[in-house]
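As the structure is a prediction and not an experimental result, all values here were calculated from the model.
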2 protein chains.
Amino acid sequence: MASLGELERAVMDLLWAGQEAATANRLRDLLAQSTQAQGGSAGHVGKDLAVTTVLTVLSRLEKKGLVERERGTRPHRYQAVSSREDHTAELMHEVLGSAPDREAVLARFIGSVTESEAETLRKLLGHI
Amino acid sequence: MASLGELERAVMDLLWAGQEAATANRLRDLLAQSTQAQGGSAGHVGKDLAVTTVLTVLSRLEKKGLVERERGTRPHRYQAVSSREDHTAELMHEVLGSAPDREAVLARFIGSVTESEAETLRKLLGHI
DNA sequence: TGAAACTTCTACAAGGCGTAGAACATTCAA
DNA sequence: TTGAATGTTCTACGCCTTGTAGAAGTTTCA
C-alpha cells in the first residue's frame with residue numbers, strides 16, 4: 001500500500017518542502033497558491049479545496065504511516081514522518097525487493113544512470 | 001500507471017517465468033496449479049478462474065504496455081514485453097525520477113544494500 | 001456563554017481491479 | 001459445407017481507493 005493519489009502526493013510534496021509542521025489550513029492555502037506560482041505540470045493542484053478535504057487526505061496519509069500529527073496543539077500540526085529522500089529510497093528498495101534476481105535488476109538499473117550519479121555511487125560504495 | 005493488481009502480477013510472474021509465449025488457457029491452468037505447488041504466500045493464486053477472467057487481465061496488461069500478443073495465431077499467444085529485470089529496473093528509475101534530489105536518494109538507497117550487492121555495483125560502475 | 005475555529009463522521013462519484021456471463025468469431029472434423 | 005468446439009470481445013458488477021466536501025460534534029477564546 002505504497003502508492004499515492006495525485007492530491008496525496010501534492011500534500012506530501014508540500015510537507016517535504018517546508019521543514020516545519022503545518023496546519024490543514026496552511027496546506028489548503030499552499031495548495032491554492034500553487035496555481036500561478038508554478039508553470040510546472042502540477043496537475044490538479046491550484047484548486048481551492050475545502051479544509052475538510054485536506055483533513056481527509058491528511059488522515060489517510062497518517063493511516064498510511066507517511067504523516068504524523070501533533071494532537072496536543074489545537075490546530076493540529078502535520079509533518080512528514082520521513083524525508084522525501086528516505087521515503088523514495090525506501091520505495092526503491094520495495095520495488096527491488098520483490099525481484100528474485102536482485103543483482104540482475106541492479107545491473108539494468110545502473111546501466112541507465114547519469115555519469116555524475118555514477119560518480120556519486122562510486123564514492124558512496126567506496127567507503128562502505 | 002505502473003502499479004499492478006494481485007492477479008495481474010500473478011499473470012506477469014508466469015509470463016516472466018516461462019520464456020515462451022502462452023495462451024490464455026495455458027495461463028489459466030498454471031494459475032490453478034499454483035495452489036498446491038507452492039507453499040509461498042501466493043495470495044489469491046490457486047483459484048480456478050474462468051478463461052475470460054484471464055483474458056480480461058491480459059487485455060488490461062496489454063493496454064498498460066506490459067504484454068503483447070500475437071494476433072495472427074488463433075489461440076492468441078501472450079508474452080511479456082520486457083523481462084522482469086528490465087521492468088523492475090525501469091520501475092526503480094520511475095520512482096527515482098520523481099525526486100528532485102536524485103543523488104541524495106541514491107545515497108540513502110545505497111546505504112541499505114547488502115554487501116554482495118554493493119560488490120556487484122562496484123564492478124558494474126567500474127567499467128562505465 | 002456563545003460565536004468562531006477546528007476536527008470527526010459520513011457520503012458520494014469516478015476509476016482500477018477481480019471476476020465472469022453473453023454474444024460474437026473462427027476453426028475443424030465429419 | 002455445416003455445426004460443434006474453441007476462442008475472443010463486450011458488457012457488467014461489486015469492492016476498494018481517491019478526490020471531494022457537507023453535517024455534526026468539539027474546543028477555544030473574547
Open item on the list: Tyr78(A) and side-chain contact (heavy atoms from CB on, under 4.5 Å): which single residue from Val11(A), Leu55(A), Leu61(A), Leu14(A) fits?
Closed with: Leu55(A)

Open item on the list: If I take atom CG in residue Asp29(A) and atom P in nucleotide dC6(C), what distance separates them, rounded to the nearest angstrom?
Closed with: 11 Å

Open item on the list: Looking at Thr53(A), I'd like to know whether one of its side-chain N or O atoms comes within less than 4.0 Å of OP1 or OP2 on dA21(D).
Closed with: yes

Task: Asn25(B) side-chain N/O to dT6(D) phosphate OP1/OP2 under 4.0 Å - done: no

Task: Short N-O contact, Arg84(B) and Asp101(A), less than 4.0 angstrom - done: no

Open item on the list: Nearest whole Å is fine: how far is dC16(D) P from Leu7(B) CG?
Closed with: 16 Å

Open item on the list: Between C1' on dG19(D) and CZ on Arg28(A), what's the gap in Å once rounded to a whole number?
Closed with: 17 Å

Open item on the list: With a 4.0 Å limit, can you tell me whether Lys47(A) has a side-chain N or O closer than that to the phosphate oxygens OP1/OP2 of dT20(D)?
Closed with: yes

Task: Members of residues 55-62 of chain B that approach DNA chain C, where some heavy atom sits under 4.0 Å away - done: Thr56(B), Arg60(B)

TODO: Determine, for Arg122(A) against Glu115(A), whether the closest basic-nitrogen to carboxylate-oxygen distance falls under 4.0 angstrom.
DONE: yes

Open item on the list: Between Ser116(A) and Glu103(B), is there a side-chain donor-acceptor contact under 3.5 Å, judged purely by atom types and distance?
Closed with: yes

Task: Interatomic distance where CG belongs to Leu27(B) and P belongs to dT19(C) [whole Å] - done: 15 Å

Task: Spacing between Glu6(B) atom CD and dG16(C) atom P, to the nearest angstrom - done: 19 Å

Open item on the list: Any donor-acceptor pair under 3.5 Å linking the side-chain atoms of Glu62(A) with those of Ser59(A)?
Closed with: no

Task: Atom pair distance, as rounded to whole Å: NZ in Lys63(A) and P in dC16(D) - done: 12 Å

Open item on the list: Under the criterion side-chain hydrogen bond (donor to acceptor under 3.5 Å, both in side chains), I'd like the reasoning laid out for Thr23(A) against His76(A): C-alpha separation, chi angles, the key distance, then a yes or no.
Closed with: CA-CA 6 Å; Thr23(A) 67; His76(A) 293 178; over 6 Å; no

- [ ] Output yes when Lys64(A) and Glu8(A) qualify as a salt bridge under the 4.0 Å nitrogen-oxygen rule, no when they do not.
- [x] yes

Task: Test log, rule side chain to side chain contact (heavy atoms under 4.5 Å, CB included), inputs Thr114(A) and Glu119(A) - done: CA-CA 9 Å; Thr114(A) 73; Glu119(A) 191 52 42; over 6 Å; no

TODO: Give, ordered by number, those residues of residues 69-80 of chain B having at least one heavy-atom distance below 4.0 Å to an atom of DNA chain D; if nothing qualifies, reply none.
DONE: Arg69(B), Arg71(B), Arg74(B), Pro75(B), His76(B)

Open item on the list: Judged by each residue's nearest nucleotide on DNA chain D, which is more toward the 5′ side, Leu4(A) or Ala50(A)?
Closed with: Leu4(A)

TODO: Test Arg69(B) against Gln79(B) for side chain to side chain contact (heavy atoms under 4.5 Å, CB included), laying out the working first.
DONE: CA-CA 6 Å; Arg69(B) 74 172 103 183; Gln79(B) 62 192 325; over 6 Å; no

TODO: Round to a whole Å and report the spacing from CZ of Arg26(B) to P of dG7(D).
DONE: 14 Å

